[in-house]
**Q** 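Here it is, the structure in full.
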2 protein chains.
Amino acid sequence: MAKSKLPRMSPAETEILQLLWQLGEATVQQTCDRLPRRRKIAYATVQTLLRRLENKGYITHRTEGKAHVFLPVAKREDVIKRSVSDFVNRLFGGDPIPLMHYLAEHGKISADDIEELKRLVGK
Amino acid sequence: MAKSKLPRMSPAETEILQLLWQLGEATVQQTCDRLPRRRKIAYATVQTLLRRLENKGYITHRTEGKAHVFLPVAKREDVIKRSVSDFVNRLFGGDPIPLMHYLAEHGKISADDIEELKRLVGK
DNA sequence: CAGTATATCGTACAGTTGTACAAGATGCCA
DNA sequence: TGGCATCTTGTACAACTGTACGATATACTG
């Protein structure tokens, strides 16, 4: 089955989809509840974002009672691939090393984490 | 001197600013020339992007002959901090580890690179 | 100096994004 | 069954983005 090219996802939409991946599935309400406290955003807005994500083909929903339960349909791995690659291209001209460096220096990364990376690379 | 909060920068603008950092300074033409071959984008568009970057306070220019020579004024480190942190928040809920994993697995990272990271973290 | 190539400036414009209200539908409790 | 609490749907709308044309200004070249 072809990973048919999904239309671009906006930052706010990305944020919501990321929550959905974390929750597995969720209603509008549940999604709102999991938003970081900082992020003050109206119920109706989350709803719009979910609606758009569905139109774009990233998620779907089933109806349960009177509410919709949304769930991801796009593969996380695929979306991450596209997003990261796009991000690295724009901000680092395509070279991921500086990003790794930045993360290592400011990203609360432990030595153990690095060991784990070594294992991944070695493979 | 306060790093006064610059207005958000769009992806396309980010791309251009990244080029400017790479070149040090550049005219519209030179910027166009350094765009990846894939990225087909009109001279006038690059010009608009530079104009907007300047209005937003990320770059400035001096006039040389009849052309403008643009140069960054925002600190690369600061912009990267904001962008990366924003990106990680949206796509990974704030946890940078999965991003590192992804890069290690798909980012053409060598074992040597990892050693370098270890050094950075160890510090 | 006149023409040509090259720049900038002003402007445009459709599509996307972020944000959200109002109205109508629906399920549940007393 | 009537009403309250919830939901969804339709719609809105200003700001931002990506993209770019046309007019005008400016420097070099013969």
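Letters A, B, ... mirror the listed sequences (proteins, then strands); counts begin at 1.
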**Q** Check the distance between C/dC9's C1' and B/Leu49's CG and give it to me in whole angstrom.
**A** 16 Å
**Q** Can A/Leu6 be reached from A/Ile59 by stepping across I, L, V, M, F, W or Y side chains whose heavy atoms are under 4.5 Å apart?
**A**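 Shared cluster, yes.
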**Q** One thing to verify: whether A/Arg82 and A/Asp86 come together as a salt bridge, which I'm taking to mean a side-chain N less than 4.0 angstrom from a carboxylate O.
**A** no
**Q** Have a look at A/Glu13 and tell me which of A/Gln18, A/Lys56, A/Arg8 forms a side chain to side chain donor-acceptor pair (under 3.5 Å) with it.
**A** A/Lys56
**Q** By nearest nucleotide on DNA chain C, pick out whichever of B/Val69 and A/Ser10 is the more 5' one.
**A** B/Val69
**Q** Rounded to the Å, how far apart are B/Gln30 CD and C/dT8 C1'?
**A** 16 Å
**Q** Can you see whether A/Gln47 engages A/His68 through a side-chain donor-acceptor pair at a distance of less than 3.5 angstrom?
**A**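 No, no side-chain donor-acceptor contact under 3.5 Å.
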**Q** Check A/Ile41, A/Leu35, A/Leu49 against A/Glu15 for a side chain to side chain contact (heavy atoms under 4.5 Å, CB included) and give me the one that passes.
**A**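 Result: among A/Ile41, A/Leu35, A/Leu49, A/Leu35 is the only option passing the side chain to side chain contact (heavy atoms under 4.5 Å, CB included) with A/Glu15.
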**Q** Round to the nearest Å and state the distance from B/Arg90 atom CZ to C/dG18 atom C1'.
**A**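 My rounded result for the distance is 10 Å.
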**Q** Atom NZ of B/Lys108 and atom CG of A/Asp95: how far apart are they, to the nearest 0.5 Å?
**A**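 So the NZ of B/Lys108 and the CG of A/Asp95 are separated by 10.0 Å.
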**Q** Quick one: A/Ile16 CD1 to C/dT19 P, roughly how many Å, whole number?
**A**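 One finds 10 Å between P of C/dT19 and CD1 of A/Ile16, rounded.
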**Q** Can you say whether the rings of B/Phe92 and B/Phe87 are parallel (under 30°), tilted (30 to 60°) or perpendicular (over 60°)?
**A** perpendicular
**Q** Determine whether the side chains of B/Asp113 and B/Ser110 contain a donor N or O and an acceptor N or O closer than 3.5 Å.
**A** yes
**Q** Is the shortest side-chain N/O distance from A/Tyr43 to OP1 or OP2 of D/dT6 below 4.0 Å?
**A** no
**Q** To the nearest Å, give me how far apart NE2 (A/His68) and P (D/dT6) are.
**A** 18 Å
**Q** Starting at CZ of B/Arg8 and ending at P of C/dT19, how long is that distance when rounded to a whole Å?
**A**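 B/Arg8 atom CZ is separated from C/dT19 atom P by 11 Å.
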**Q** Round to a whole Å and report the spacing from CD of A/Glu13 to P of D/dT17.
**A** 15 Å
**Q** Do nucleotides 20-30 of chain D as a string where each nucleotide becomes B, S or -: B if the base has a protein heavy atom under 4.0 Å, S if just the sugar-phosphate does, - if no protein is that close.
**A** BB----BS---
**Q** Please state how far atom CG in A/Leu6 lies from atom P in C/dT16, giving the value in whole angstrom units.
**A** 15 Å
**Q** Kindly state which residues belonging to residues 54-61 of chain A come within less than 4.0 angstrom of DNA chain C, counting heavy atoms of the residue only, listed by number.
**A**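 Heavy-atom contacts with DNA chain C come from A/Lys56.
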**Q** Decide yes or no on salt bridge (charged side-chain N to carboxylate O under 4.0 Å, His left out) for B/Glu116 and B/Lys118, but give the supporting numbers first.
**A** CA-CA 5 Å; B/Glu116 173 69 7; B/Lys118 197 190 291 189; over 6 Å; no
